[in-house]
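All values reported here derive from a predicted model rather than from experimental measurement. No hydrogens, no waters, no symmetry mates; every other heavy atom, side chains included, goes into these values. All chains are named by letter (A, B, ...) in the order of the sequence lines, taking the proteins before the strands, and each is independently numbered beginning at 1.
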Number of protein chains: 4
Amino acid sequence: MASINPRRTTDARFVRSREALRTALLRLLESRPLDQITIREIAASAGVGYATFFRHHAGKDALLEDVAAEQIETLVARTLPIFDAAETRTSCVALCSYVASNRTLWSALLTGGAAAAMREAFIRVSRRVADDRRDTVAWLPVDLGVIHSSSAIIEILVWWLRQSEPRAADEVAMLIDRLVISPLGGL
Amino acid sequence: MASINPRRTTDARFVRSREALRTALLRLLESRPLDQITIREIAASAGVGYATFFRHHAGKDALLEDVAAEQIETLVARTLPIFDAAETRTSCVALCSYVASNRTLWSALLTGGAAAAMREAFIRVSRRVADDRRDTVAWLPVDLGVIHSSSAIIEILVWWLRQSEPRAADEVAMLIDRLVISPLGGL
Amino acid sequence: MASINPRRTTDARFVRSREALRTALLRLLESRPLDQITIREIAASAGVGYATFFRHHAGKDALLEDVAAEQIETLVARTLPIFDAAETRTSCVALCSYVASNRTLWSALLTGGAAAAMREAFIRVSRRVADDRRDTVAWLPVDLGVIHSSSAIIEILVWWLRQSEPRAADEVAMLIDRLVISPLGGL
Amino acid sequence: MASINPRRTTDARFVRSREALRTALLRLLESRPLDQITIREIAASAGVGYATFFRHHAGKDALLEDVAAEQIETLVARTLPIFDAAETRTSCVALCSYVASNRTLWSALLTGGAAAAMREAFIRVSRRVADDRRDTVAWLPVDLGVIHSSSAIIEILVWWLRQSEPRAADEVAMLIDRLVISPLGGL
DNA sequence: CTCTAATCGAGACGGTACGTCGCGTCTTACG
DNA sequence: CGTAAGACGCGACGTACCGTCTCGATTAGAG
């Protein structure tokens, strides 16, 4: 949508609204789950007309994925080395540290009722990465590998971010390593 | 709700409606995801008045859980021995066989957009079981263990049931064993 | 609409809402023209849910015509004898007297921006009457006769009802007689 | 608006846009009624920027009246002699002939949902003329005379232009004469 | 085998959010 | 630096579904 018309990427107003909507959603996600947030609220909170929302996104979910996409892209960039490294544990630590350092953001994304959408987005990105790499283990179907590891990681992160007194990042990294990565059997 | 008035469990009309609603939901779930099914449709498909739906269930989700509950109870009864047995693999086979033998039902429940609700129900039941048993591994927080294993199993089942040409039950059992059960490290 | 389902005509709630909407529209028409009245206002003023409006009428205009229909039916019943009577003047007086005695109502209907719709409704009713009677004057096409006389009468009434200090009913009756009825040349 | 800046009447671009808008509206009116035509369509059809529309006219209606004004001015110039002439019938023929010779234009203006606006414009012009002339008949209020005759003429023309196989101009002229002009009683 | 009361179907209702549309204003990029 | 493009705020629209409610019309099961 944004890429069709070159103007859209340049026009100051367009960029401004777009960014306002992104941050408004994140702001609201900190207070309550996605499905209790109305598009009208997002628009109002962004200081943007209601109709304008639809000039940028097809719906609530579309905005969420738009917001999520770039974050996930970054997260995956941190997750990638996990599978390469002999030292998977170190990589898991890196992953968790990144999440910890953006705790508020990731809490909103993962514990705000958007986890399912995030999971989808994460799987999508992971699948793309997996297609590029083509390292396989005989007993494990590739797509299941992607789905399982993505889901499990997301879910452990959700569990982590929901804790009132969160554990240390490297402790969680250990859990991910032992529960998810190691069982994949050294991809 | 159903238990307040003893008559409700006896009155032929009440029982008939209840059952009609259950089967109607399952029938509809085979055609499209839960959130595209309206309560009005369920009622109509059950040959039951719209208001009657609410005389039995608080909402769509309540009906789903009502339907799901007994199935999950059975499934967990099959899953339980997994953790006891030295031969976890055998138990996984038993689990998958059961699902395979009720494929239509479980497909509706798991691939019909109700997976999230099923996951919750499954976790709820599992947690209850886990509380009874109290076998712990030092490095793994109990609640995470429950959440992770429940979610991962559900998710592998979803993956399985979505395949156009599904794999053999024992093959999937192997996957569950290697990806989920074994890593728990012999509870 | 009201006549399809017999229940609708009986159900107390339905009748209540229907009547509330009618009177609400008339009430609002006294304060400002039709196109400055929103459906939401009508519903609110009727103490009726917004969606309920559409359960009764397809839109603002439909409600107006519904309201207008019966009034026009009555008015036409008064207008009819005009064409029969040798004393057309007397009949015109009757017509104007009736309008005068319901001045508030007719002001709302005719000076509230609804005149066009009223004209249509009036023509429709008149055409039906004309079809029944089949008295024709050679030089005047029937449909033009209906359109012209209906429109002209409506328009004179509008002019009358808009005056700050309205003329006497029989004076207006005279105007209608001389400008509209007589020229028809003794139908 | 157009008269404030002297440049506006001279600037070639301004004149070009103005004319483009006029003809665009007329072109569109031939295909569908005024209220189904959006300003955006008019602008697009005129090959003119959307905002540019508002540099010329306050809105759709304003453009219409702008377009209509000159036509009506001409029409009234033809209608005027009607009231002077002893031979009103001849004048009516002149009027109708003029309309017939610009049938497409007048069809667009009168049958395209713009009749009400045209009526207003026609009345406005007629009133100006009537004020100048000051010929009165005792029993007929001047403003009603103007409104009635204007409306009735417009309305007969609409009826005429809507016919699939239109009658001859002098036949319609006769109808106008007998229904509208004669009853005014030789102003 | 009746009578009485619970249950039923039907669906009207008040709400709330949706996504669409057109308006008229105002900003922006571009020639 | 002026103009065309079009993003924007606004606000009404009509739709969909929710869950509550009011109706009579059955019909089950107790007496």
Side-chain angles (χ1 to χ4, degrees), chain A residues 5-8 10-18 20 35-41 43-44 47-60, chain B residues 5 7-8 10-18 20 35-41 43-44 46-60, chain C residues 5 7-8 10-18 20 35-44 46-60, chain D residues 11 13-14 17 35-41 43-44 46-55 57-60 62:
Chain A
N5 190 334
R7 178 149 200 176
R8 297 206 150 187
T10 356
D11 192 318
R13 292 167 296 175
F14 192 86
V15 175
R16 205 184 310 138
S17 296
R18 186 174 198 79
D35 58 320
Q36 286 177 30
I37 300 173
T38 70
I39 292 181
R40 288 193 148 80
E41 277 176 312
V48 145
Y50 175 60
T52 297
F53 180 96
F54 296 97
R55 291 182 184 116
H56 290 265
H57 307 283
K60 227 185 329 188
Chain B
N5 190 336
R7 175 153 194 180
R8 296 206 152 185
T10 351
D11 191 319
R13 292 168 295 180
F14 193 87
V15 175
R16 208 184 310 140
S17 296
R18 186 175 199 78
D35 59 319
Q36 285 177 29
I37 300 173
T38 70
I39 292 182
R40 286 191 149 82
E41 275 177 314
V48 145
Y50 175 59
T52 299
F53 180 97
F54 296 98
R55 291 181 186 116
H56 290 267
H57 307 283
K60 223 185 330 187
Chain C
N5 190 335
R7 177 150 200 174
R8 298 205 149 187
T10 345
D11 192 318
R13 293 167 295 176
F14 191 86
V15 176
R16 205 184 312 137
S17 297
R18 186 175 198 79
D35 58 319
Q36 286 177 29
I37 300 173
T38 69
I39 292 181
R40 285 193 149 81
E41 276 176 312
I42 301 172
V48 144
Y50 175 61
T52 296
F53 180 95
F54 297 98
R55 291 181 184 115
H56 290 265
H57 307 283
K60 227 184 331 188
Chain D
D11 190 319
R13 291 167 299 179
F14 193 86
S17 296
D35 58 322
Q36 286 178 30
I37 300 173
T38 70
I39 293 182
R40 287 192 150 80
E41 275 177 313
V48 147
Y50 175 59
T52 300
F53 180 97
F54 296 98
R55 291 185 191 107
H57 307 282
K60 222 182 339 186

Between the OG1 atom in T52(A) and the CZ atom in R18(A), the distance rounded to the nearest 0.5 Å is 13.0 Å
Between V48(B) and S17(C), the residue closer to the 5' end of DNA chain E by nearest nucleotide is V48(B)
Give me the atom names and distance for the closest heavy-atom approach of G49(A) to A43(A). O-CB, 3.9 Å
Contact class for R16(C) (heavy atom, under 4.0 Å): base, sugar-phosphate, or nothing? nothing
For dC8(F), does OP1 or OP2 lie under 4.0 Å from any side-chain N or O of T52(A)? no
In whole Å, I'd like the distance from the CD atom of Q36(A) to the P atom of dA17(E). 11 Å
Taking side chain to side chain contact (heavy atoms under 4.5 Å, CB included) as the definition, give me every residue that meets it alongside E41(D), ordered by chain and number, with sequence neighbours left out. L28(D), R32(D), I37(D), T38(D)
Rounded to whole Å, how long is the line connecting atom CG of D35(C) with atom P of dG22(E)? 18 Å
Scan nucleotides 17-21 of chain F against the protein and return all N/O pairs shorter than 3.5 Å with their distances rounded to 0.1 Å.
unit_1  : atom_1 : unit_2 : atom_2 : d
dC18(F) : OP1    : I39(B) : N      : 3.4
dC18(F) : OP2    : I39(B) : N      : 3.2
dG19(F) : N7     : Y50(B) : OH     : 2.5
dG19(F) : O6     : R40(B) : NH2    : 3.3

Locate the shortest heavy-atom distance separating K60(A) from D35(A); write the atom from each residue and the value. NZ-CA, 4.0 Å
5′-ward residue of the pair F53(C)/G49(A) relative to DNA chain F: G49(A)
Is T10(A) near enough to dT28(E) that one of its side-chain N or O atoms lies under 4.0 angstrom from OP1 or OP2? no
dT7(E) OP1/OP2 closer than 4.0 Å to side-chain N/O of H56(B): no
Give one of base, sugar-phosphate or nothing for G47(D), where a contact means two heavy atoms less than 4.0 Å apart. nothing
Smallest separation among heavy atoms of V48(A) and F53(A), with atom names: CG1-N, 4.3 Å
Please walk me through it: do H56(C) and F14(C) pass side chain to side chain contact (heavy atoms under 4.5 Å, CB included)? CA-CA 8 Å; H56(C) 290 265; F14(C) 191 86; 3.4 Å; yes
